[in-house]
Number of protein chains: 2
Amino acid sequence: MTQKNEKKVGILLERSTRITKLTFIKAFKKIDADITPEQWVILDSLYKENGQTQTDLCQKAYKNKPTISRIIDITCEKKYTKRKNFDGDRRKLKIFLTAKGTKLVEKCAPEIEALRDLSWKGLSNQDYNTFCKVTDQLFKNFSSYE
Amino acid sequence: MTQKNEKKVGILLERSTRITKLTFIKAFKKIDADITPEQWVILDSLYKENGQTQTDLCQKAYKNKPTISRIIDITCEKKYTKRKNFDGDRRKLKIFLTAKGTKLVEKCAPEIEALRDLSWKGLSNQDYNTFCKVTDQLFKNFSSYE
DNA sequence: AAGGAATAGTTGTCATGACAACTAATTTAC
DNA sequence: GTAAATTAGTTGTCATGACAACTATTCCTT
């Protein structure tokens with residue numbers, strides 16, 4: 001394991017995550033979409049399944065509740081989403097994409113698709129599968145830390 | 001490529017990055033070290049090579065200049081680092097670890113080492129190599145976007 | 001030598017992410 | 001039925017990260 005100890009998982013992940021996010025930022029700017037990568041994650045999730053609770057969104061996006069709440073504040077302000085009461089449980093809210101939000105998602109989808117294609121260029125299905133395996137295992141390994 | 005398009009690189013990276021960072025936060029708390037993961041990256045870099053410029057640190061950490069400047073503001077306030085003038089170029093500063101900073105790095109090192117070991121548990125050298133290859137390729141792929 | 005371009009670092013602003021704490025509502029245990 | 005525990009979402013605070021803009025300094029071009 002000595003060879004691996006020369007490489008830090010953190011820096012590899014940070015680097016990749018950062019440039020991925022930066023590239024998404026550029027893409028949105030390129031198509032003149034007023035949205036951040038993080039907001040996109042939420043809107044895209046709602047596009048697939050509209051009317052989710054904030055807790056649903058948290059879990060899907062691996063984000064914490066305060067962060068989700070704040071992102072939704074902003075997407076509501078931009079009129080991309082709307083908060084509605086959840087029938088049967090007064091604590092919960094349902095979050096809906098607006099027509100404006102739906103339009104935006106559809107506008108962005110081709111460019112994001114292109115980004116996805118770009119990201120895996122020069123890599124095989126096997127590479128992808130190993131990447132998934134590694135990220136899953138990292139998640140498991142760190143989930144057990146204390 | 002249709003299979004891969006079901007999976008988004010962003011979310012995989014985000015998830016892994018987040019839990020990695022969270023685990024580092026827990027580790028520092030566990031050993032009662034007053035430091036964040038991001039600050040650690042800077043201190044560790046200085047431990048290896050003391051007296052670097054901020055730009056050096058930026059490049060090594062894949063962070064932008066304002067962020068580095070702010071992190072160093074805080075590490076200076078905590079007395080872990082000190083800014084000094086760079087002989088021969090009045091624009092530049094050299095950043096040094098203090099004795100307190102050095103002590104902190106040495107205090108943290110075993111736990112961070114243990115985290116490193118934990119992170120790769122259940123994964124092979126081959127997995128690691130593929131992970132590196134994938135993250136490098138992602139970096140390259142996105143660096144070419146526009 | 002002079003002026004333009006590039007560089008090092010800083011400041012402002014906004015967004016996101018972590019933790020802690022809180023309120024209100026629901027669920028669980030007795 | 002009641003009280004304790006848990007849950008959904010919000011607010012506060014601090015740290016980080018992005019972009020834009022800025023000042024001072026150095027480098028490059030003419």
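Below, read A as the first sequence line, B as the second, and so on, with proteins coming before strands; counting in each chain starts at 1.
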| request: Tell me, please, the opening and closing nucleotides of DNA chain D, 5' to 3', among those with an atom under 4.0 angstrom from a non-hydrogen atom of chain A. | output: D/dT7 to D/dA20
| said: I want to know whether B/Tyr80 and B/Phe96 have ring centres closer than 6.0 Å. | reply: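 Between B/Phe96 and B/Tyr80, which both carry aromatic rings, the centre distance is not below 6.0 Å.
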| request: Decide, yes or no, whether a salt bridge links A/Lys60 with A/Asp44 under the criterion of side-chain N to carboxylate O below 4.0 Å. | output: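 So A/Lys60 does not pair with A/Asp44 through a salt bridge.
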| Where along residues 79-91 of chain B does a heavy atom come under 4.0 Å from DNA chain C, residue by residue in number order? | B/Arg83, B/Arg91
Donor-acceptor pairs under 3.5 angstrom involving side-chain atoms of residues 25-34 of chain A: please list them, not counting sequence neighbours.
residue	atom	partner	partner atom	Å
A/Lys30	NZ	A/Glu111	OE2	3.3
A/Lys30	NZ	B/Glu146	O	3.4
A/Asp34	OD1	A/Lys78	NZ	3.2

| field | Cluster check B/Phe139, A/Leu13: I/L/V/M/F/W/Y, side chain < 4.5 angstrom | value | yes
| query | Is there a residue in residues 43-68 of chain B whose heavy atoms reach under 4.0 Å of DNA chain C, and which residues are they? | reply |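 Here the set is B/Thr53, B/Gln54, B/Thr55, B/Lys65, B/Pro66.
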| salt bridge (Lys or Arg N to Asp or Glu O under 4.0 Å) pairs, two or more places apart, involving residues 91-108 of chain A | A/Asp89-A/Arg91
| field | 5' priority, DNA chain D, between A/Asp73 and A/Lys92 [closest heavy atom] | value | A/Lys92
| task | Map A/Leu22 and B/Gln39 onto DNA chain D by nearest heavy atom, then report which one ends up closer to the 5' terminus. | result |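 Checking each residue's closest nucleotide, the 5'-ward one belongs to B/Gln39.
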| message | Could you work out, with side-chain hydrogen bond (donor to acceptor under 3.5 Å, both in side chains) as the rule, every residue matching B/Thr81, not counting sequence neighbours? | response | B/Thr75
| task | Give a yes or no on whether a salt bridge exists between A/Glu38 and A/Lys21, defined as a side-chain N under 4.0 angstrom from a carboxylate O. | result | yes
| message | By nearest heavy atom, map B/Lys21 and B/Arg70 onto DNA chain C; which one lands nearer the 5' end? | response |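 Looking at DNA chain C, the more 5' nearest nucleotide goes with B/Arg70.
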| Between B/Tyr62 and A/Arg18, does any side-chain donor sit less than 3.5 Å from a side-chain acceptor? |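 The criterion, which ignores hydrogens and geometry beyond distance, is not satisfied for A/Arg18 and B/Tyr62.
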| field | A/Ile72 vs A/Ile95 side-chain heavy atoms within contact, under 4.5 Å | value | yes
